[in-house]
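Side chains included, hydrogens not; waters and symmetry mates left out as well; all remaining heavy atoms used. Below, chains carry the letters A, B, ... as their sequence lines are ordered, and counting in each starts from 1.
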Number of protein chains: 4
Amino acid sequence: MTQTQLGTSDRIHRAAVRLFATHGFAGTGIRKIADEAGVTVASLYHYVGTKEELLERMMEESMSQLLRPARQVTGDPVQRLSALVDLHVRRHARASQLCRVGDTELRSLSRASRARVLALRDEYQEIWRDTITAGVAAGDFTVPDTNLAAIAMLQMCTGVAHWYSPRGRMTLDQVSTAFVTMSLALLGGGAGPHHPAAAAAEGGGLA
Amino acid sequence: MTQTQLGTSDRIHRAAVRLFATHGFAGTGIRKIADEAGVTVASLYHYVGTKEELLERMMEESMSQLLRPARQVTGDPVQRLSALVDLHVRRHARASQLCRVGDTELRSLSRASRARVLALRDEYQEIWRDTITAGVAAGDFTVPDTNLAAIAMLQMCTGVAHWYSPRGRMTLDQVSTAFVTMSLALLGGGAGPHHPAAAAAEGGGLA
Amino acid sequence: MTQTQLGTSDRIHRAAVRLFATHGFAGTGIRKIADEAGVTVASLYHYVGTKEELLERMMEESMSQLLRPARQVTGDPVQRLSALVDLHVRRHARASQLCRVGDTELRSLSRASRARVLALRDEYQEIWRDTITAGVAAGDFTVPDTNLAAIAMLQMCTGVAHWYSPRGRMTLDQVSTAFVTMSLALLGGGAGPHHPAAAAAEGGGLA
Amino acid sequence: MTQTQLGTSDRIHRAAVRLFATHGFAGTGIRKIADEAGVTVASLYHYVGTKEELLERMMEESMSQLLRPARQVTGDPVQRLSALVDLHVRRHARASQLCRVGDTELRSLSRASRARVLALRDEYQEIWRDTITAGVAAGDFTVPDTNLAAIAMLQMCTGVAHWYSPRGRMTLDQVSTAFVTMSLALLGGGAGPHHPAAAAAEGGGLA
DNA sequence: TATGAATGAGCTTTCATTCAT
DNA sequence: CATGAATGAAAGCTCATTCAT
């Protein structure tokens, strides 16, 4: 019910995401996209413009949908870090194809739009870095190097997009919980009761 | 001075690695490879077979140079895990282009050679998994899920190939040490004195 | 005047027939076909598929246009044989280029479509063989070997495609009559009044 | 015993004949010829020169080995015609590959050497025509058109190269006899005792 | 809104040939 | 004698894109 009768433009975008994720931007022809979306090539150009424009929109969407919720994370460093991991993991599991494209195809963007996407990414990483820095300052975390830890954890959580399947061995909740646990461990803090899902499930108390 | 007079075949392969890493397999034309290597297109075909054969050789080399030393890691679980992280990080820092290709271009291989590379990769991951399992059994590690931990750590260490630069803020030794520390933390074990580089540095080994 | 405004696809096919007949399939480049047809190479591919598909269509058309009328030949063996020779000679004179391609380029077909064309050819030859066999049974023909005679006569009549010209010494009617005469002689029957053209000319048929 | 230790040049020529006959001149690469002959490409050039030179020698050999014995045929028209058919059929059966190349690849020759080969072919056809003309004058043959008969019969006999196999249903003697019989029938003369093989077998009398 | 037609530039690969050793 | 190396040209085919209708 949420989305009946997908619009033509959306159909094209979905097809493109699927194909870019599977074969890469350079490895995907617009003919294949049009076929997959069930439109003619000329129609494709009518709706979405250039192949690169398709990618640009995809990349910016990919990054901003990660960034927007991250901006609103609040709480103490442990809570914030947990929330960031949770958001990142869930999004990379649920929108894995889009996330994979976002991760891989920076190189395929024009200089101008690469800069735009990089700015978003930098802001996103900054949020992670700041959280860790705050946690270290508060004595919650102990890491060899703040920046390194941020990058390492981001990479670790991003990997989810490559293997998660809703039909897999673990539920998404379990996966997310595990990643929060591992992340907090990595940061030298105990794997406390701070997992957002757990918190939500419990009813919120610190316990 | 270390390597004078690179052979033509090697020059081609280096050029291909560089370009595949930067623009992807599909995004790289053989003309560009030939140009970069300083040979004509026809000469390129005299030395290497198809563009895909170029990739195949690259991928298999990439995986086996990771696998070979990993097979010979010994010691208790903590030592072994530390050594695996060290090897992985160092290789991804030193041969970052090749490693990036190895990571990204599985999709560009034919079914047959993809299977061959995947077999190597599976063996490699198995070594990590086994080490973690052993560490858990020995009481050294505590993880939410062994398999998940292995994948997560691999992903985390692989990321090094994307940002490490010899002219960066940290030396490779520092980077490696930091990753070992974070890995052991993630596994719930203390960051003891087991880092190979550290061990070598303090214990007064041969060199 | 007979055919105004040839379609693009037809222009391409005609050009291909002309060139394949003259230089052979392997000796003809698609660039030359496109030039000859007055289109760009890319346009050529918009209309026809592969170069091989061009040949396939040509070969099947070549054989079926020979086979279709042959299937409907009726009368006593002498009449039927005369009609077969007449049809074969006329077609090889009128569509000489297509027939030459049909004769020469079986080797250039893929296994699959070669089989398809060979099936048509076999059926065609079977009609000739059956006619001769019937004539022998009826006492009209005397040949050393039925199969040999069929092949020999086919080859003989096929040759017309190599030398006939509408501006030559003999009219097509004369050529056809001569081949019917020689064929019946070869078969040991008199060159009676059974030539289709002759019959039409004398008997005062419809036209 | 007749030919042990084939010379390199001969090996190359045989390979070329085989391949040209099967795939055509334009469809055969020199690399394949070299491979088939077991030499390097450079060696091939050392021994036989250009691909076109290879074809030229082949074509001229093909025609002159047909022409030379034909020049020496003697006897009355029936005997001569019978001998010509016998020679043509036997050669096209025994050297079928070379004959097929000779028949098909005139188009692949340069203008100059095509002229040379055509001169030989014209002389050869002239012998056939003269024989038929003489037979007609002598009252032995009756044909609608001398030239047409010559061409038709040549084409008919040439066909042998396309289907004869030493492991086939009929011996070469039988095939040749049948073609002589059919030829004489075509020419309106009885299938008398003039077949060369038969004559040789009998001991020569007219009977 | 929708599409068939059209195209220049590019793709990967093979071609016949030469030449230094 | 023999060969690996090298090459410009051409092969068949696909590319992303435009445009008239």
Intra- and inter-strand pairing of DNA chain E, written as dot-bracket with Watson-Crick and G-U pairs under 3.5 Å and | for the latter, reads .||||||||||||||||||||

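Of the possible donor and acceptor atoms, one in the side chain of C:T22 sits under 3.5 Å from a partner among the backbone N and O of C:R18. A donor-acceptor pair is defined here as one N or O able to donate and one able to accept, closer than 3.5 Å; no such pair exists between the side chain of B:E56 and the backbone of B:L109.
Checked against salt bridge (charged side-chain N to carboxylate O under 4.0 Å, His left out), A:E53 has no partners two or more places apart in sequence or in another chain.
The distance from atom CD of B:E53 to atom C1' of E:dT14 is 14 Å, rounded to the nearest whole Å. For the pair D:E52 CD and E:dT18 C1', the computed distance is 18 Å after rounding to whole Å. Summarising the geometry, the separation between NE2 on C:H23 and C1' on F:dA11 is reported as 16 Å, rounded to the nearest angstrom. Atom CG in A:L55 sits about 12 Å away from atom P in F:dT17, given to the nearest Å. The interatomic distance linking D:I33 (CD1) with E:dT14 (C1') rounds to 15 Å, in whole Å.
Closest approach of B:C99 and B:A161 over heavy atoms only: CB-CB, 4.3 Å. B:L19 approaches B:T28 most closely through the heavy-atom pair O-OG1, 3.3 Å.
Between the side chains of C:H23 and D:R107, not a single donor N or O lies within less than 3.5 Å of an accepting N or O.
The shortest side-chain heavy-atom distance between B:T8 and B:I12 falls under the 4.5 Å cut-off. Inter-residue side-chain proximity for D:Q97 and D:F20 is flagged as unmet; no heavy-atom pair is nearer than 4.5 Å.
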B/S/- contact track for nucleotides 2-12 of chain E, protein heavy atom under 4.0 Å: SBBBBBB-BBB

